[in-house]
Amino acid sequence: MLSNLKPQAPDKILMLIEEFKADTRQGKIDLGVGVYKNPEGVTPVMRAVKAAEQRIWETQVTKAYTGLAGEADYRNAMAQMVLGELPVERLASVASVGGTGAIRQALELARMGNPGLTVHVSDPTWPNHLSIMKFIGLPFVEYRYFDNATRGVDFEGMKADIAKAKAGDLVLLHGCCHNPTGANLTMDQWAEVAAILEKSGAIPLIDLAYQGFGDGLEQDAAATRLLASRLPEVLIAASCSKNFGIYRERTGILMALGTGTADRDLSQGAMAFLNRQNFSFPPDHGARIVSTILTDDALRADWAAELEEVRNTMLGLRAQLAQELRDLSGSDRFDFIAGHRGMFSRLGATPEQVARLKTDAAIYMVGDSRLNIAGLNADTVPVLARAIIDAGI
Ligand code: LMR
């Protein structure tokens, strides 16, 4: 049996980690996987996370199973953070194995409710979205999203394409900080998206993996809240990997908003069932860290302050890189970098140019020219800017 297995194509993002490790050149720069690094190149454990872990260690008396849906404290605190309220009549939620686990469960849930559905995804989107859908045999089509000429959103194209989604189809949207492009919709544009979905009955699946990394915790949730208030059915897959810096704890949540208590109860049952089929009980440690922080005023304030530091560090790097490139190129054609939000920006370079950055300058980014802004620091920004110009981008 095992000898019948086929070699799997490596994940493009994860492959870069290995390539980078194997590179022996001094001064190599890793702008690949989406992990925040501070100016010293470290992905730190946040202060509030350490404090919460200490508190858990001191007070936890059992590690017996949690509920199939995870702990209510965690799910309620997360719903408050994402939705700004707790719509108890409409909301079903389960803790998941990271944001990726929530995406996977959301897709399976949608197919249980509508076996004939098609998923509409942005072109481009996070490659693992596509990979999961291919693996579970869920049909998908792409909607236009990134305009390579402006490095912004092709909003007319996007609107025309998502209008083709039928009632009961899913439209996968990045709630903020679009991965991989960094190009995002304005709130007016989100309102237009809501109107299109309202008309067609297609259902948004919102991937919210970077709340707090773009314009702030509240601002980054605004689009999700708008869709939640306007549409009868909304699925939300949120991750705590980035904003709590607990990547390896695999902490996420799937939320389903329906029209009332009957939908809510059916969704809750189906989502708990999916947990049971896939992994049984969700991991608890990361969820407990998050609920400890979010339900304690002092810890929450400290966490939010550190998250702001992280966000502002990235904004500073964006401004510095745009300025360096303005100086070197004598043009404003890289100003989009300062306007993008989140961890990533897509440069709009060709695969050959991206390969040149790697071979000539030991700078690693994903082949579609997505760079992780958080992989930079004040010293490496000028190096990257020079290399971008030298690669003819
Ligand atoms: C990324 O896009 O780099 C992150 O979401 C990490 C991952 O798992 O790909």
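Atoms within a ligand are numbered from 1 in the order they appear, just like the ligands themselves.
- When non-hydrogen atoms are compared, ligand 1 lies under 4.0 Å from neither the backbone nor the side chain of Tyr247.
- Of the polar atoms of Gly34, at least one N or O is found under 3.5 Å from an N or O of ligand 1, judged by distance alone.
- Nearest to atom 4 (C) of ligand 1 by heavy atom, out of Met343, Arg370, Lys242, is Lys242.
- In this pair, Tyr65 and Phe281 present their aromatic rings parallel. The plane angle is below 30°, not in the 30 to 60° band.
- Taking OG of Ser93 as the reference point, atom CD1 of Ile236 lies at 10.0 Å (rounded to 0.5 Å).
- Summary of contacts: the protein heavy atom closest to atom 9 (O) of ligand 1 is Trp126 NE1, 3.1 Å.
- No salt bridge links Lys12 with Asp368; every basic N to acidic carboxylate O contact stays at or beyond 4.0 Å.
- Within the 6.0 Å centre-distance limit, the rings of Tyr145 and His178 are counted as a close aromatic pair.
- Protein heavy atom closest to atom 6 (C) of ligand 1, with residue, atom name and distance, is Val33 CG2, 3.8 Å.
- Side chain to side chain, Arg326 and Gln323 meet the donor-acceptor criterion of an N or O pair below 3.5 Å.
- Of all the heavy atoms of Asn128, none lies under 4.0 Å from any atom of ligand 1, so neither backbone nor side chain is involved.
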